Each structure stands twice: as structure tokens, then as C-alpha cells.
Peer 1: 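Take a look at this one; I'll ask things after.
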Amino acid sequence: MSIKISENTVSLTHDRKGKITILFFSGTGDPKTALNIAVSQYVQNKPHNQFIEIHSDNDYVRVIVSNINEMIYKPFIPQKHLL
């Protein structure tokens, strides 16, 4: 079993920084249990939001966002904001 991490820093209000983190499970074993433990160890007791893949067919990825309410937001413009 292996868990890999990608941490990305985002700008928050008042010149502070938050994180968007992806944890990815690979190998054998139960990904749900392994990722539950990894998320708990990563966030400790800090407030966070956690997202799991919408179709529930990928138990191998967790996305963790800190300070989601304090991120800098702009109006959504469909013609401009494309993936």
C-alpha cells in the first residue's frame, strides 16, 4: 500500500495561505480505510473540507481543502473559466 500526496497553496483573504491537497492511494488493501487514516493524520484537529469523487467509483482519491470560506473568489464567467 502506498499513499501519495500533492499539496497546492492557494491565496486567502488578508494575505494568508490555504491548501488544496490530494491524497492518492495505490497498491493492495482497502483504499477507503487507508485514506480515512491518512486524512485524519494529515488534518489532525484542523478544520477542513473533504471531497470524494462524485460518482463513487474511485475510492482511491481524496481532496482536502483548508479555509474554503476564506479563499478569494471572483464572479464565474462560463466563456472565460473553462477546464
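Keep in mind the model is a prediction, meaning the values are calculated, not measured.
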Peer 1: For a quick test of reading the model, state the closest non-hydrogen atom pair linking Leu35 to Tyr60 and the distance between them.
Peer 2: CD1-C, 3.6 Å
Peer 1: How close do Pro75 and His81 get, heavy atom to heavy atom, and via which atoms?
Peer 2: O-CE1, 3.4 Å
Peer 1: Would you say Phe51 and Ile20 are hydrophobically clustered, going by side-chain heavy atoms of ILVMFWY under 4.5 Å?
Peer 2: yes
Peer 1: Among Met1, Arg62, Lys32, exactly one meets side-chain contact (heavy atoms from CB on, under 4.5 Å) together with Phe25. Which residue is that?
Peer 2: Met1
Peer 1: Can you give me the closest heavy-atom contact between Leu12 and Ile72, atom names plus distance?
Peer 2: O-CD1, 3.6 Å
Peer 1: Of His48, Lys19, Met71, which is the lone residue that meets side-chain contact (heavy atoms from CB on, under 4.5 Å) with Val65?
Peer 2: Met71
Peer 1: Give, for atom CD of Gln50 and atom CD1 of Ile64, the distance between the pair rounded to the nearest 0.5 Å.
Peer 2: 5.5 Å
Peer 1: Taking all atoms of both residues into account, what is the closest heavy-atom pair of Gly18 and Asn67, and its distance?
Peer 2: CA-OD1, 4.3 Å
Peer 1: What's the verdict on side chain to side chain contact (heavy atoms under 4.5 Å, CB included) for Ile3 and Tyr42, showing C-alpha distance, side-chain angles and the deciding distance?
Peer 2: CA-CA 12 Å; Ile3 295 180; Tyr42 180 73; over 6 Å; no
Peer 1: When hydrophobic residues are tied together by side-chain contacts of less than 4.5 Å, even through go-betweens, does Val61 share a cluster with Ile37?
Peer 2: no
Peer 1: Flag yes if Ile5 and Val39 sit in one hydrophobic cluster, no otherwise; membership is Ile, Leu, Val, Met, Phe, Trp, Tyr, and two members link when side-chain heavy atoms are under 4.5 Å apart.
Peer 2: yes
